[in-house]
Amino acid sequence: MKLSSANINVMIKACRKAAKILIRDFGEIENLQVSLKGPGDFVTASDKKVEKILIEELKKARPSYSILSEEIGFIKNDEEFKWIIDPIDGTSNFLHGIPHFAISIGLEHNKEIISGIIYDPIKDEMFVAEKGNGSYLNNQRMRVSARSKLKNCIVFTGGPSFKTQNDDKELSLEEYKKFSKIVATPIRKMGSASLDMAYVAAGRCDGFWQRNLNYWDIAAGIILVKEAGGFVTDFKGNHGYIDNKTILVTNSKINEEMIEVLK
Ligand code: IPD
Ligand code: CA
Ligand code: CA
């Protein structure tokens, strides 16, 4: 079965076009890894190129929609509809030649995410979801996993692994240590929050938590997880708009257990 509404088709088209540049540039990274200059500036340029194509394509198809995109910021237009774009989510992976990153586009209607796509161009995996119509991976319906005991699960987290001086909220490492003391659950840091969420939606992993994310990291993931039957909450289990970007994503069955551990 295929998910194909007018807006989804617009998103997929924009994404596929931008992904061509991304794939080509990723091929160049290998050469740059060994050069003295390194791939740093090149990656920034890729980010901007990909964003430019996405915005051009989305604007062409939906001239009135507002846009929030990581590099360019907010382009105010229509109050009702807004695209939320992360041109490359997983930049560090991209920079190091690790094939795990994605383009992420969410669509908000009256402040609610109604559709989203996350595209991993290297594995050619297109994760798509629309409110009320389910979540799909390359046109196959996705469901979250059925695992109900945390000890049998794999969970993802992200963010810096240290407590920064200016931000006492960056507790990933402390949480990580606490977490691994309490449960023997394998924890992975994959380096792309959008793919982390897409993988929960696909049932490949069972949960994900992180602090201090940006809206473009999670916008598309929110609808993917919800439409696949998962929960997107804060650390206390509150559903609804995730305002402080502290996010807990689960297959729903391990939600309570995860909240306990993260307390
Ligand atoms: C980052 C990735 C990473 C997460 C960071 C994000 P970027 O996004 O999603 O997994 O841990 O918090 O900033 O910089 O690659 O777009
Ligand atoms: Ca990101
Ligand atoms: Ca990014």
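Remember, it's 1-based here, ligands and their atoms both numbered in the order they're listed. None of these values were measured; they are calculated from a predicted model. Basis for what follows: all heavy atoms, side chains included, without hydrogens, waters or symmetry-related copies.
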Part of Asp217 with heavy atoms under 4.0 Å of ligand 1, whether side chain, backbone, both or neither: side chain

Less than 3.5 Å between some nitrogen or oxygen of Asn212 and one of ligand 1, yes or no? no

Is Ser194 close to ligand 1, meaning an N/O of one under 3.5 Å from an N/O of the other? no

For the residue pair Ser194 and Asp89, confirm or rule out a side-chain donor-acceptor distance under 3.5 Å. yes

Side chain, backbone, both or neither: which applies to Ala193 and ligand 1 if a contact is any heavy-atom pair less than 4.0 Å apart? both

Which of the atoms of ligand 1 are close to Asp86, meaning less than 4.0 Å from one of its heavy atoms? 16 (O)

Residue Asp89, metal the Ca ion (ligand 3), N/O/S under 3.0 Å: no

Under the 3.5 angstrom rule, does the side chain of Ser135 hit a backbone N or O of Leu224 as a donor-acceptor pair? yes

Just heavy atoms, cut-off under 4.0 Å: does Glu70 contact ligand 1 by side chain, backbone, both, or neither? side chain

Tell me which N, O or S atom of Asp86 sits nearest to the Ca ion (ligand 3). OD1

So, does Asn251 use its side chain to make a donor-acceptor pair with the main chain of Arg147 at under 3.5 Å? yes

For ligand 1, which part of Ile88 has a heavy atom less than 4.0 Å away: the side chain, the backbone, both, or neither? backbone

Cut-off 3.5 Å, side chains only: do Asn7 and Ser115 have a donor facing an acceptor? no

Check: of Gly90, Gly158, Gly191, min heavy-atom distance to atom 3 (C) of ligand 1 comes from Gly191

Would you say the side-chain atoms of Lys131 and His109 include a donor-acceptor pair closer than 3.5 Å? no

Short list, please: which atoms of ligand 1 are under 4.0 Å from a heavy atom of Thr91? 7 (P), 14 (O), 15 (O), 16 (O)

Would you name the N/O/S atom of Asp217 that lies closest to the Ca ion (ligand 2)? OD1

Are a donor atom and an acceptor atom from the side chains of Ser5 and Glu130 found within less than 3.5 Å of each other? yes

Quiz question: by atom type and distance under 3.5 Å, do the side chains of Thr233 and Asn238 form a donor-acceptor pair? no

For N/O/S atoms only: which one belongs to Glu70 and is nearest the Ca ion (ligand 3)? OE1

Do any N/O atoms on Gln210 end up under 3.5 angstrom from N/O atoms on ligand 1? yes

Sub-4.5 Å side-chain heavy-atom contact between Met11 and Trp83: yes

Pairs involving residues 58-72, ordered by first then second residue, that meet salt bridge (charged side-chain N to carboxylate O under 4.0 Å, His left out) (sequence neighbours left out): Glu57-Lys60

Take Asn77 and Ser66 through the side-chain hydrogen bond (donor to acceptor under 3.5 Å, both in side chains) test and state the conclusion after the steps. CA-CA 4 Å; Asn77 215 326; Ser66 293; 5.8 Å; no

Please list, in number order, the atoms of ligand 1 under 4.0 Å from a heavy atom of Ser192. 9 (O), 10 (O)

Is any N, O or S atom of Ile88 under 3.0 Å away from the Ca ion (ligand 3)? yes

